[in-house]
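To start, the structure itself, in structure tokens.
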Amino acid sequence: MALRTGTGRCAALLLTVALATGALTGCDSLLLDAALDRGCENTESRVKELESYDILDSRPEGTVVPQGFEDLESGCWADSGDASVYADRTYVFPGEKAEVIQYYRAAAERDGWELSQTLAKSSKAERPADLCFTLDKGDGTTMLDVYFLTEEILDAEERKPGPEFNSGSGYRVSITSPADGSTTRCSD
């Protein structure tokens, strides 16, 4: 039986059409997810390093850990080709947001974190309710964010706020770093 020489070109064309169709319809998400996850390979030790920062467990007196947020959340996530490692804690404070900001500003600076230049230069009246600090390391820059949770953030995370959120302000203490060790800064 003789081989048909035109089959290779037809197969190549068919494969090209299938891949293009998958890209246009989003059906190639498994391939894309696998490619993005490669940025998270071998990041366990960096995640453990972030989990070890004491400020994640530090909180103003009266702060509670809300139901459903009892555990330290950590790991690696990849988005648009960039991978980041993170460690987060979520809390609810029954007092004013300004007290939370004051507490973490002092605690972070005491631990060697540097406040974002934009925040440091802003007047008290124009200062936002969220904080961002950096901690330069030999392998890149680590970032500390303290930010207040909104219903939109919790909805995007598909999380249901517990009853504690009704008694105060929910906020998150988050430490992140690029998985590849490259530098990053607070968005000033």
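Side-chain atoms are counted along with the backbone in the values below, which use heavy atoms only and exclude waters and symmetry mates.
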Could I get the full list of salt bridge (charged side-chain N to carboxylate O under 4.0 Å, His left out) partners for Glu99, not counting sequence neighbours? none

How would you list, by chain and number, every residue that makes a side chain to side chain donor-acceptor pair (under 3.5 Å) with Ser174, sequence neighbours excluded? Asp88

Before you tell me yes or no, could you show the steps for Tyr171 and Asp130 under side-chain contact (heavy atoms from CB on, under 4.5 Å), namely the whole-Å CA-CA distance, both residues' side-chain angles and the distance that decides it to 0.1 Å? CA-CA 9 Å; Tyr171 69 93; Asp130 301 332; over 6 Å; no

Only residue of Val47, Thr176, Thr142, Asp180 satisfying side chain to side chain contact (heavy atoms under 4.5 Å, CB included) with Val85 is Val47

With a 4.5 Å limit on heavy-atom distance, are the side chains of Asp82 and Pro178 in contact? no

When rounded to the nearest 0.5 Å, the distance separating CG of Leu115 from CZ of Arg105 is 4.5 Å

Rounded distance (nearest 0.5 Å) linking atom OG1 of Thr43 with atom NZ of Lys48: 11.0 Å

Are Met143 and Leu56 grouped together when hydrophobic residues (ILVMFWY) are joined by side-chain heavy atoms under 4.5 angstrom apart? no

Which atom pair, heavy atoms only, marks the closest approach of Gly39 to Ala83? O-CB, 3.4 Å

Under 3.5 Å donor-acceptor, Glu164 side chain and Gln67 backbone: yes

How about Pro60 and Tyr91: do any of their side-chain heavy atoms sit closer than 4.5 Å? no

List for me each residue that meets side chain to side chain donor-acceptor pair (under 3.5 Å) alongside Ser45, sequence neighbours excluded, and say none if there are none. none

I need the single residue from Leu144, Leu135, Asp111 that forms a side chain to side chain contact (heavy atoms under 4.5 Å, CB included) with Tyr53. Which is it? Leu135

Going by the rule side-chain contact (heavy atoms from CB on, under 4.5 Å), which residues pair with Gln102 if we only count those two or more places apart in sequence or in a different chain? none

Per the side chain to side chain donor-acceptor pair (under 3.5 Å) rule, what does the pair list look like for residues 69-78, sequence neighbours excluded? Glu51-Ser74, Glu73-Arg159

Answer with yes or no whether the hydrophobic clustering places Tyr86 together with Phe148; edges join I, L, V, M, F, W, Y residues whose side-chain heavy atoms lie under 4.5 Å apart. no

Using the salt bridge (charged side-chain N to carboxylate O under 4.0 Å, His left out) criterion, which residues pair with Glu44? Sequence neighbours excluded. none

Check salt bridge (charged side-chain N to carboxylate O under 4.0 Å, His left out) between Arg172 and all other residues, then give those that pass, not counting sequence neighbours. Glu157

Verdict with supporting geometry, Ile175 and Ile55, side-chain contact (heavy atoms from CB on, under 4.5 Å): CA-CA 9 Å; Ile175 299 177; Ile55 198 156; 4.0 Å; yes

Go through the structure and list residues passing side chain to side chain donor-acceptor pair (under 3.5 Å) with Asp145, not counting sequence neighbours. none

May I ask whether Phe133 and Leu50 are part of the same hydrophobic cluster, defined by side-chain heavy atoms of I, L, V, M, F, W, Y residues being less than 4.5 angstrom apart, directly or through others? yes

Through direct or indirect side-chain contacts below 4.5 angstrom among Ile, Leu, Val, Met, Phe, Trp and Tyr, which residues connect to Ile153? Val64, Phe69, Val92, Tyr147, Leu149, Leu154, Phe165

Single-linkage hydrophobic cluster, 4.5 Å side-chain cutoff, Val173 and Ile101 together: yes

Taken in chain and number order and not counting sequence neighbours, the residues that satisfy side chain to side chain donor-acceptor pair (under 3.5 Å) with Ser167 are none

Residue list, side-chain contact (heavy atoms from CB on, under 4.5 Å) with Asn166, at least two apart or on another chain: none

Any pair with a residue in residues 44-83 that passes disulfide bond (SG atoms under 2.5 Å apart), sequence neighbours left out, goes on the list, sorted by first then second residue, please. Cys40-Cys76

Close side-chain approach of Val65 to Arg59, heavy-atom, < 4.5 Å: yes

